[in-house]
S.K.: 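Quick one: the structure is below, and I'll ask about it shortly.
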Amino acid sequence: MHKNNRNMRGWLGLAVLGGVLGSGAVQAGGFAVPTFGTPGWGRAFAGGSLFAEDPSAAFNNPAAMGFIQNPVAQMSVHYADVDIKFRGHAYDYQGEPMTHKQYDDEGNLVSSPMGEGGNGGFTAWLPTAFLVVPINDQLSFGLSQVVPLGMRSTWDQDWVGRDFAVDTKIETAGLAGSLSFKVNDELALGAGVIVQRTQGFVSQNIDLYAAASQSPNLGDLQFPAGFGSNLIRVKVDNVSPGWFVGAAWKPTASDTFGLNYHARIRNKLTGKYNMYADDASQAILDSGLVESAYPGLILKSGGASASAQMDVPASAALDWVHRFDDRFSLGTSLAWTQWSSFEDLTLKSHGNTIVSIPYNYRDTWMVSLGGDYRVTDQWTLRAGVAYDQTPTRDSTRDPRIPDGNRRFLSLGASYRFQSLPSLSLDAAYSRQFVQDARLKTENQDRLGSGRLDGKAESKGQVMSVSATYQF
Amino acid sequence: MKAVQTFVSATALVLCAAASAVSAATIAPAGASFTAPGTITVRSPASLQQPVTCNITFTGKVAANGSSASITSATVSGSNSLCKVPQMKNLPWTLTATSVTTGTVTGVAFSILSSNCGPGTVSAAWSNATNTLSAANQALSGNCTITNLSVKPSPAFTVSP
């Protein structure tokens, strides 16, 4: 009977969680989004999900669910505010400063300066939710809603780098189920599956005249760059499954170690592209000249289907939490992400390649240190620091993903109600200090062969609140 | 492409100029059908005023009295893909010889992508010695210019006072 009541409360929590998920608008910030609740953000993800009664174990390390005593649900909302500024110069294929060109009323071709892009950053709300339900002394069930991957950049449509990027948005929202098996009081194993939807959106200008100038099929004409506008917007999505496993080991009463692995998820996104072209550019698109200039490249002014491969990289993490006493616990983590699986961004339409941009990302490491200090029975304070490598390379980095190495400094607190000790409210603030990202890249011929020489200055902050309820 | 169209227009203009000359001169062989291959270079807004050179071939017929020649078609071609896009308009154009060495082509019009050039009149030069109709820097409405045109009619024309 006691077990039945406990399970009933657990399923009730699951239902509540499902209702919250249904109303949440998922958006992501940063590149790879840490999949933690508010307490995890408060300690800069140190120790993973090995801290006591942390339901984010349901996704991050399902084995750790084996050491959670009672059903627990947690709903977090993160608010991300990211600023990105471009400092530098852009040049056309002739080496001249990039300007916007148009005909005046008298038919003269005139140039006007272009902007620096404004704030390429964004603000976004990001909900995450976790539920852990012990089924019996050995088995526990977990449910998670997470955003494992998210990135966004938003530049002004008429900025000097419009031939490289205007808007970019990649995000995944996943629903995961997991099970843990407690082998004994020291060891637990876990595994789970995730079904996630990935959405990708990219837009940029294609300078048709500059691109034509790079084609030997058009007589080596040197058309002026920067004329008119021809924005391509690609929107694709896909639903794909993945899996993850973990192990948790408590060699002493004070130490917990965890190891988890999230497998690579292959992801072929499909959708369509649309062209937003002025009259001159539309006439070029409709004339078939694009294909004449670049055989195999077909751009339709009315748009067409589009596809892209955007795999979610594999990742693994080693976590350790040490409990010094009833008040103070400290954790550390070392996380690895196999970003080298992301070699290029290739957009295709009906089997023809629209563009293939090489990125050649490198695998990254993230190290973090943080902990909790229980000040009173009601208040717990936490803090953490982390260092996260960027997967981008100087040779291929562009304003679409102007990412740099970053440091996290996080603070957080939890308050447990005296009248309702099963409920706690959590808050966290995380500041990201991002290394300036060098942007020195040259566009492909079919994109106009323009050149950027500058850097992206970024900073970010995440504010997070959550409610955690133990049934 | 616009340049090509402009070029075509220029050619037509030159032919018209030649036709105009017929008001004071006549074209022989009277009543004969002809083709006139050559080259044309055109600047237009669609080419961002860059000169585009293509091959062009006029076809038409000399009037029975030799007073003019009617250009019924103008075909543009070339290795440059831009040469595929001009669209001739307002055909037939009329070539009139205004003297033994000058002429006009009237009604010249064409489009290149989003640029509409003409209709207008192109002034041309004629040489009996080289059987060449030529024109240079002939402006058309739509901010188009035939910067160069040179065609050789076949059978050869002879313009007489």
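Reminder, nothing fancy here: chain letters follow the sequence lines and each chain counts from 1. All values below come from the heavy atoms of this structure, side chains included, with hydrogens, waters and symmetry mates left out.
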S.K.: If I take atom CG from residue A:D278 and atom OG from residue B:S114, how far apart are they, to the nearest 0.5 angstrom?
M.R.: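 A:D278 CG to B:S114 OG: 8.0 Å, rounded to 0.5 Å.
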S.K.: Mark yes or no for whether A:Y209, through its side chain, and B:A46, through its backbone, hold a donor-acceptor pair below 3.5 Å.
M.R.: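 The answer is yes, because a donor-acceptor pair under 3.5 Å joins these two groups.
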S.K.: For B:K152, does the NZ atom have more than 12 heavy-atom neighbours from other residues, nucleotides or ligands under 6.0 Å away?
M.R.: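 Yes, NZ of B:K152 has more than 12 neighbouring heavy atoms, counting only those of other groups under 6.0 Å.
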S.K.: Does A:K101 NZ have over 12 foreign heavy atoms under 6.0 Å away?
M.R.: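 Result for NZ/A:K101: enclosed.
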S.K.: Is the number of heavy atoms from other residues, nucleotides or ligands within 6.0 Å of NZ (A:K272) greater than 12?
M.R.: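 More than 12 heavy atoms, drawn from other residues, nucleotides or ligands, come within 6.0 Å of this atom.
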S.K.: Find out whether B:L48 and A:L221 are in side-chain contact, i.e. whether some heavy atom of one side chain is under 4.5 Å from a heavy atom of the other.
M.R.: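 Heavy-atom side-chain distance check fails, nothing below 4.5 Å.
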S.K.: What's the separation between atom CG in B:N80 and atom CG in A:N217, rounded to the nearest 0.5 Å?
M.R.: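 Going from CG on B:N80 over to CG on A:N217, the span is 8.5 Å.
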S.K.: Non-hydrogen atoms of chain B under 4.5 Å away: do they reach the side chain of A:L218, the backbone, both or neither?
M.R.: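 Both parts, backbone and side chain.
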S.K.: Which atom pair, heavy atoms only, marks the closest approach of A:S292 to B:S81?
M.R.: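 It is CB-OG, 3.2 Å.
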S.K.: Quick one: OH on A:Y103 to CD on B:Q49, what's the gap to the nearest 0.5 Å?
M.R.: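 So the gap between those two atoms works out to 4.5 Å.
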S.K.: Looking at A:D279, I want to see if its CG is surrounded by more than 12 non-hydrogen atoms of other residues, nucleotides or ligands under 6.0 Å.
M.R.: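 It does not: A:D279 CG has 12 such atoms or fewer within range.
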S.K.: Determine all donor-acceptor pairs shorter than 3.5 Å in which one atom belongs to a side chain in residues 153-161 of chain B; sequence neighbours excluded.
M.R.:
none

S.K.: Assess whether atom CD of A:Q444 is packed by more than 12 heavy atoms of other residues, nucleotides or ligands within 6.0 Å.
M.R.: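 Yes, enclosed.
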S.K.: Write down the atom of B:L113, the atom of A:S287, and the distance for their closest heavy-atom approach.
M.R.: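 Nearest pair, atom of B:L113 first, then A:S287: CD2-CB, 3.4 Å.
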